[in-house]
Enquirer: 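Below is the structure I would like to discuss, written out as structure tokens.
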2 protein chains.
Amino acid sequence: MTRIMPVVRWEPDAAGRLRAAAMELYVERGFEQTTVAEIALRAGLTARTFFRHFADKREVLFGGSAALFDEVMRAVEQAPAGAAPMQVVAAALDAAAGVLGQHQDYSRQRQSVINANPELQERELIKLVSLAAALADGLRRRGVPEPDASLAGEAGVVVLRVAFGRWLTEPGDLELSQAMREALDRLAVVAAR
Amino acid sequence: MTRIMPVVRWEPDAAGRLRAAAMELYVERGFEQTTVAEIALRAGLTARTFFRHFADKREVLFGGSAALFDEVMRAVEQAPAGAAPMQVVAAALDAAAGVLGQHQDYSRQRQSVINANPELQERELIKLVSLAAALADGLRRRGVPEPDASLAGEAGVVVLRVAFGRWLTEPGDLELSQAMREALDRLAVVAAR
DNA sequence: CCAGTGATGTCACTTGATGACATCACCGTA
DNA sequence: TACGGTGATGTCATCAAGTGACATCACTGG
């Protein structure tokens, strides 16, 4: 619709406007109470167009996950040749901390939206499980046998979850990478029985 | 509708008929290709009634999870007083194996439906994460401090996932509880770095 | 025999999601 | 300049998930 956008046909890109509008509404009134039509309206677009940019209403909140994924996998590939599985995982977690560790405020806001809605938690979990699978795959490619590769991959994501949760809730001066390292060490102790 | 059920008004219960009909259709033509209306039709009921028994189309496949939950939590409570966190988790996993270890055929069928559909995987994951949280909670009630309780709970579910997967795919003579124990031992080794 | 209760059906509606097709801006090129 | 192609968007139609409101019928206890 040309009439909707008066003169400057190109503000930011459509996906960006949709994402921003969606975040605003999710925070203002909650995820379920927000309609795709409303998001599109606020972005000056149409519901139909929303679905051309996002597979579904939830996906808006998970756009950044590809970057995390890439960083983690790169770290796995570049880890020193002789490293033990959990050493590789530690390197991957460090890379993850680098990606996630910025924007604590945004992370908190986003997480509070997610925590308030089971549907969104489901989506988040599937992303993390994919990450675990990818991690395990990377380890297998490095020659780590099963079930060690799977266990290490899953364990890595466990550490990520626990450390990230602590980082989000704890008063600000904790470094995410530090939290990761501590959780990793702690897991070694606990798992030993 | 009285006319639908000719004479014998009470065959099995409605929930059971709906569940059976849904499973059949999910297997026959896949989850997404199955409509709630079709499920209800096959069960001799209405779509509206389907939603009186199941929160959504997916929930049909996850009805048994409460039993698993209960068994696991009971095992946690009944573990010997001085047991280390992972000893408690081991006991819980043994209880879980007791519940899941029967009906390998049904489990396989159910899992293949789930594996074929991301939506269903999400639902399964959220159940498992709830289990991890409950496990952690049980440990905390036993006096295990954070982050050990969370880590042990999550680690327990990791072991469950890995062992269950192996049990489902491997030729039949492997005991689930055996697979659990092996995965648990292996995790201890891997996590030690 | 009747009132109450619970399970179900019917109807109407909102919302998410998708396919088909039309439209418009923009870009390169004859 | 005029033209044709391409990509992003709008419009329309439609299906399926889910929910609320209300009616109906069987069963049960008094």
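In what follows, every chain begins at residue 1, and chains take the letters A, B, ... in the order their sequences are listed.
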Enquirer: Choose from D:dT19, C:dG9, C:dT18 the nucleotide whose nearest atom is closest to any side-chain atom of A:Phe51.
Expert: C:dT18
Enquirer: Can any side-chain N or O of B:Thr34 pair as donor or acceptor with the backbone N or O of B:Gly30 at less than 3.5 Å?
Expert: yes
Enquirer: Taking all non-hydrogen atoms of both residues into account, name the closest pair between B:Ala183 and B:Ala163 and its distance.
Expert: CB-CB, 4.3 Å
Enquirer: Which nucleotide in the list C:dG9, D:dA17, D:dT9 gets nearest to the side chain of A:Thr49?
Expert: D:dT9
Enquirer: Could you list all N or O pairs between the protein and nucleotides 21-23 of chain D that sit under 3.5 Å apart?
Expert:
none

Enquirer: Think A:Thr35 has a side-chain N or O under 4.0 angstrom from the OP1 or OP2 of C:dT14?
Expert: no
Enquirer: In whole Å, I'd like the distance from the CZ atom of A:Phe50 to the P atom of D:dA8.
Expert: 17 Å
Enquirer: Could you pull out every donor-acceptor pair under 3.5 Å between side chains of residues 138-149 of chain B and any protein atom, sequence neighbours left out?
Expert:
unit_1   : atom_1 : unit_2   : atom_2 : d
B:Arg140 : NH1    : B:Glu146 : OE2    : 2.2
B:Arg140 : NH2    : B:Asp137 : OD1    : 3.1
B:Arg141 : NH1    : B:Asp137 : OD2    : 2.9
B:Arg142 : NH1    : B:Val76  : O      : 2.9
B:Arg142 : NH1    : B:Ala79  : O      : 3.2
B:Arg142 : NH2    : B:Pro80  : O      : 2.7
B:Glu146 : OE1    : B:Ser150 : N      : 3.4
B:Glu146 : OE1    : B:Ser150 : OG     : 3.0
B:Glu146 : OE2    : B:Ser150 : OG     : 3.0
B:Asp148 : OD1    : A:Arg186 : NE     : 2.6
B:Asp148 : OD2    : A:Arg186 : NE     : 3.2
B:Asp148 : OD2    : A:Arg186 : NH2    : 2.6

Enquirer: Rounded to the nearest angstrom, tell me the gap between atom CZ in B:Phe31 and atom C1' in D:dA17.
Expert: 10 Å
Enquirer: Between C1' on D:dC15 and CD on B:Glu38, what's the gap in Å once rounded to a whole number?
Expert: 12 Å
Enquirer: Is there a side-chain contact (heavy atoms from CB on, under 4.5 Å) between A:Glu154 and B:Leu187? Walk through the geometry before answering.
Expert: CA-CA 10 Å; A:Glu154 301 267 1; B:Leu187 177 63; over 6 Å; no
Enquirer: Among residues 115-125 of chain B, which ones have heavy-atom contacts with DNA chain D below 4.0 Å?
Expert: none
Enquirer: In whole angstrom, what separates A:Ile39's CD1 from D:dT9's P?
Expert: 16 Å
Enquirer: Rounded to whole Å, how long is the line connecting atom CZ of A:Phe54 with atom P of C:dT18?
Expert: 14 Å
Enquirer: State whether A:Arg29 and A:Glu38 are salt-bridged, where the test is any N-O pair (Lys NZ or Arg NE/NH1/NH2 against Asp/Glu carboxylate O) under 4.0 Å.
Expert: yes
Enquirer: Any salt bridge linking A:Glu24 with A:Arg19? Criterion: basic side-chain nitrogen under 4.0 Å from a carboxylate oxygen.
Expert: no
Enquirer: Can you see if the side chain of A:His53 gets near the phosphate of D:dA8 - specifically, an N or O under 4.0 Å from OP1 or OP2?
Expert: no
Enquirer: So if I take every side-chain heavy atom of B:Lys57 and compare against D:dT11, C:dG16, D:dG18, which nucleotide ends up nearest?
Expert: D:dG18
Enquirer: Need the bend value for the helix from C:dC1-D:dG30 to C:dA30-D:dT1: angle between end axes, 5 pairs each end, nearest 10°.
Expert: 0°
Enquirer: What's the verdict on side-chain contact (heavy atoms from CB on, under 4.5 Å) for A:Phe50 and A:Leu45, showing C-alpha distance, side-chain angles and the deciding distance?
Expert: CA-CA 8 Å; A:Phe50 177 92; A:Leu45 294 168; over 6 Å; no
Enquirer: Let me know which of A:Val89, A:Leu128, A:Val72 forms a side-chain contact (heavy atoms from CB on, under 4.5 Å) with A:Leu160.
Expert: A:Leu128
Enquirer: Show your working on side-chain contact (heavy atoms from CB on, under 4.5 Å) between A:Trp167 and A:Glu175 and close with a plain yes or no.
Expert: CA-CA 7 Å; A:Trp167 177 70; A:Glu175 284 290 329; over 6 Å; no
Enquirer: Does B:Glu28 come within less than 4.0 Å of B:Arg42, counting only side-chain N to carboxylate O?
Expert: yes
Enquirer: When the nearest nucleotide of DNA chain C is assigned to B:Ala15 and to A:Ala55 on a heavy-atom basis, which residue is associated with the more 5' position?
Expert: B:Ala15
Enquirer: Send over the distance from B:Leu18 CG to D:dA17 P, rounded to a whole Å.
Expert: 14 Å
Enquirer: Given atom CG of A:Asp13 and atom P of C:dC26, what is their separation to the nearest angstrom?
Expert: 16 Å
Enquirer: Just the rounded figure in Å: distance from P of D:dA17 to CG of A:Asp56.
Expert: 16 Å
Enquirer: Can you list every pair that meets side-chain hydrogen bond (donor to acceptor under 3.5 Å, both in side chains) and has a residue in residues 74-86 of chain B, with sequence neighbours left out?
Expert: B:Glu71-B:Arg74
Enquirer: Which residue pairs pass the side-chain hydrogen bond (donor to acceptor under 3.5 Å, both in side chains) test with at least one member in residues 109-120 of chain A, sequence neighbours excluded?
Expert: A:Gln111-A:Glu124
